Protein chains: 2
Amino acid sequence: MLQYSNEKAYTFKGGRVNMVSISDVAKQAHVSKMTVSRVLNHPEQVSKEIFDTVQTAINELGYVQNRAGRALATNKSYTIAFVMLDEVAAVDPYFGQLVTYIADILNQAGYTMELHRSLDNDFHAIDGILVSGARESDDAQLNALTYPLVTYGEQAGAASVDVDNAAGIKLAKQHLVDAGYEQLIYLGLDLDEQFAQARLDGFLDSEIPVDQNNIYRIANDDHIARSLVQTLQLAPKTGIVAATDRLALGALYACLIDQQAVPQDVGIIGFDGIFIHQMGPLTLTTIAQPLERIAEAMVSQLLEQIEQQVRTNPHIVLTPELQLGDTTLHN
Amino acid sequence: MLQYSNEKAYTFKGGRVNMVSISDVAKQAHVSKMTVSRVLNHPEQVSKEIFDTVQTAINELGYVQNRAGRALATNKSYTIAFVMLDEVAAVDPYFGQLVTYIADILNQAGYTMELHRSLDNDFHAIDGILVSGARESDDAQLNALTYPLVTYGEQAGAASVDVDNAAGIKLAKQHLVDAGYEQLIYLGLDLDEQFAQARLDGFLDSEIPVDQNNIYRIANDDHIARSLVQTLQLAPKTGIVAATDRLALGALYACLIDQQAVPQDVGIIGFDGIFIHQMGPLTLTTIAQPLERIAEAMVSQLLEQIEQQVRTNPHIVLTPELQLGDTTLHN
DNA sequence: TTGTATGCGTTATCAA
DNA sequence: TTGATAACGCATACAA
């Protein structure tokens with residue numbers, strides 16, 4: 001099923017085209033290579049006249065800096081590795097957003113982002129590493145890395161950026177109570193990971209007492225959540241706190257199928273706020289992870305380590321925000 | 001809301017740690033630099049004894065090749081730029097999968113993948129470019145690039161890999177007819193893009209005649225699709241062909257709310273098969289884009305250009321596949 | 001089979 | 001303010 005049609009074909013002379021180097025620019029501008037280098041890196045040290053001459057030459061020749069040469073000379077590559085250890089199938093939409101934000105922010109700072117999917121390969125020519133989806137079993141490998149490093153999610157022995165998961169769930173509870181829901185149910189994850197535990201802890205927080213019998217822990221699957229919720233006898237004015245938007249969506253389906261009025265009789269609030277919350281028959285009310293702020297924090301912490309040439313291990317915690325949708329009552 | 005706790009802090013001596021070079025290995029193994037280089041690049045030219053000695057030295061010292069040095073010497077960087085021009089919010093889950101496949105495949109081939117989000121920045125130190133989400137307005141910029149280039153989706157003057165959208169929709173029609181649905185409705189996109197037109201063309205294909213009055217074109221939004229379908233009088237045994245899974249999901253919501261039996265009375269089939277199709281109360285039957293094959297085709301076509309040092313413009317078309325779900329009747 | 005000399009493009013150092 | 005020289009780490013060409 002392949003269609004080939006060679007309309008235009010030209011060779012890349014000598015491997016690549018456009019091999020204008022700093023020497024070519026220097027010749028064209030009748031100055032030394034160093035002067036050209038200074039125009040690029042320390043323009044304040046160059047006289048206005050020469051600066052203009054060199055700039056003109058650069059434009060005329062279409063000179064583009066060769067990063068390999070610079071990397072070799074400066075021992076800096078202006079490249080950051082983003083290592084994505086999560087299973088994409090499980091975290092899909094979140095991944096796309098995070099990687100995009102990080103790439104954009106790094107780009108603005110003059111860096112390039114490489115994408116890696118494993119810690120096993122050697123890293124070459126990078127100035128630092130960002131990691132998402134690391135587990136405890138990755139600790140040894142992470143600690144063996146000799147690069148500036150920031151992880152997403154708490155990690156021993158490494159700088160990290162994380163969301164305050166417990167605070168997020170407390171926010172969710174408060175919102176449901178404020179909206180007049182009287183009985184709270186928790187649809188949680190049966191995962192043995194730190195964030196899952198923290199979200200459960202948030203639900204168990206004593207400020208708003210809850211009934212231990214109303215806590216369920218299942219896999220992060222909307223179909224399973226739907227089945228579970230369909231077995232429950234939901235009293236009027238029930239508020240469902242789901243540990244993820246995906247679970248919340250399952251609860252919503254259950255209500256829809258069983259003719260429960262959402263948000264009048266049952267309120268549903270999810271967690272994450274990334275794509276999935278808007279994929280239901282109703283837009284979910286959710287606790288939104290501040291992905292852009294997460295990306296910014298990860299990058300700025302990493303660049304600080306690079307600049308200071310010191311590896312530090314701060315644990316930066318960001319508070320998620322309530323994002324109103326159509327599955328809870330509110331003004 | 002920041003918590004800092006510096007447990008361990010050490011400096012990166014001289015910018016980075018671990019600056020073992022080929023010279024250090026050579027010294028340790030009592031050979032010349034060239035012999036070390038050969039062990040790495042042409043092991044067959046080296047005697048077994050020396051090979052082992054050098055390998056031992058490499059392991060002992062923890063030597064990692066410096067890519068900048070190699071790039072400078074060989075004029076190859078073993079780095080590919082993947083330029084993602086799509087709006088992430090619109091194509092979210094698809095993007096995550098594609099970029100992941102491409103990164104993995106490139107990695108296996110010994111390449112590193114950089115992620116870019118614009119064609120505006122200069123590209124340095126790359127061997128080739130992959131592009132997704134280009135529009136006609138990007139043609140000029142793409143043609144100005146002097147690197148080996150492959151785009152996803154048809155593009156003038158560049159090699160491209162695309163899905164046979166018309167064939168996919170024809171597959172969908174055939175499946176619905178085979179399943180016994182008698183009246184076909186098309187829920188299409190109002191976009192002015194090539195793929196949207198191709199999918200419509202597939203529905204209009206004369207092999208299975210359709211009624212022009214049963215064609216609707218809207219934005220790619222499940223809420224809008226739901227509203228639209230709710231206004232339709234769906235005769236029993238109606239088959240809905242949706243141009244995207246997101247539109248199909250909207251149709252499914254409409255049926256659910258209006259108590260139409262899916263798949264018994266109404267059959268629904270989507271297009272894309274990436275994440276969204278499994279996010280509904282029922283798993284969608286869909287025409288799945290072969291993302292992994294797309295990624296493989298893009299990479300292999302690009303590497304071929306790089307190897308041959310020739311820019312060619314084949315148009316590679318891949319056929320999508322029917323993926324059965326719970327929204328159509330079948331055995 | 002192994003070693004020597006040279007150059008890739010850039011920047012830092014030092015001298016003018 | 002500008003320029004000459006050396007160095008970064010590696011691989012190619014050539015010599016031994």
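From a predicted model like this one, the values you see are computed outputs, not experimental measurements. Naming convention: chains lettered A, B, ... in sequence-line order (proteins, then strands); numbering from 1 in each chain.
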Query raised in the report: So does B:Asn41 get a side-chain nitrogen or oxygen closer than 4.0 Å to the phosphate oxygens (OP1/OP2) of D:dA11?
Result: yes
Requested in this report: Determine the contact category for A:His124: base if any of its heavy atoms lies under 4.0 Å from a base atom, sugar-phosphate if only primed atoms, P, OP1 or OP2 are that close, otherwise nothing.
Outcome: nothing
Query raised in the report: Should the ring pair A:Phe95 and B:Phe95 be called parallel, tilted or perpendicular, given that the plane angle runs from 0 to 90° and is split at 30 and 60?
Result: parallel
Query raised in the report: Are OP1 or OP2 of C:dT11 and a side-chain N or O of A:Ser37 less than 4.0 angstrom apart?
Result: yes
Query - Integer-rounded Å distance: D:dA11 P and B:Arg38 CZ - result: 11 Å
Query - Contact under 4.0 Å: A:Ser47 side-chain N or O vs D:dT2 OP1/OP2 - result: yes
Query raised in the report: Across the strands shown, which category fits B:Val46 at heavy-atom distances under 4.0 angstrom: base, sugar-phosphate, nothing?
Result: sugar-phosphate
Query raised in the report: Counting just side-chain N and O atoms, does B:Tyr78 come under 4.0 Å of either OP1 or OP2 of D:dC10?
Result: no
Query - Proximity to the side chain of A:Lys33 - top-ranked nucleotide from C:dT10, D:dA11, D:dG3 - result: C:dT10
Query raised in the report: How would you label the contact of A:Ile50 with the nucleic acid (heavy atoms, under 4.0 Å): base, sugar-phosphate, or nothing?
Result: sugar-phosphate
Query raised in the report: Can you check whether A:Asn75's main-chain N or O pairs, donor with acceptor, with A:Arg70's side chain at less than 3.5 Å?
Result: no
Query raised in the report: B:Thr74 side chain N/O closer than 4.0 Å to the phosphate oxygens (OP1, OP2) of D:dA11?
Result: no
Report task. Using whole Å, report how far CZ of A:Arg67 lies from C1' of D:dC8. Result -> 17 Å
Query raised in the report: Does A:His116 have its ring centroid less than 6.0 Å away from the ring centroid of A:Phe123?
Result: yes
Query raised in the report: 5'-most contact on DNA chain C: B:Met34 or B:Ala73, nearest heavy atom basis?
Result: B:Met34
Report task. Look at A:Ser32 and D:dT2 and indicate whether a side-chain polar atom (N or O) is within less than 4.0 Å of OP1 or OP2. Result -> no
Report task. Take A:Val31 and B:Leu72, find for each the nucleotide of DNA chain D with the closest heavy atom, and name the residue whose nucleotide sits nearer the 5' end. Result -> A:Val31
**Report entry** Integer-rounded Å distance: D:dG9 P and B:Leu40 CG
**Finding:** 15 Å
Query raised in the report: Hey, does the side chain of B:His42 come within less than 4.0 Å of D:dT12's phosphate (OP1/OP2), counting only N and O?
Result: yes
Query raised in the report: Is it true that a side-chain atom of B:Gln305 and a backbone atom of B:Leu149 form a donor plus acceptor pair closer than 3.5 Å?
Result: yes
Requested in this report: Among the candidates C:dG3, C:dG9, D:dG9, find the nucleotide nearest to the side-chain atoms of B:Asn66.
Outcome: D:dG9
Requested in this report: Would you check if there is a donor-acceptor pair between the side chains of A:Thr112 and A:Arg67 at a distance under 3.5 Å?
Outcome: yes
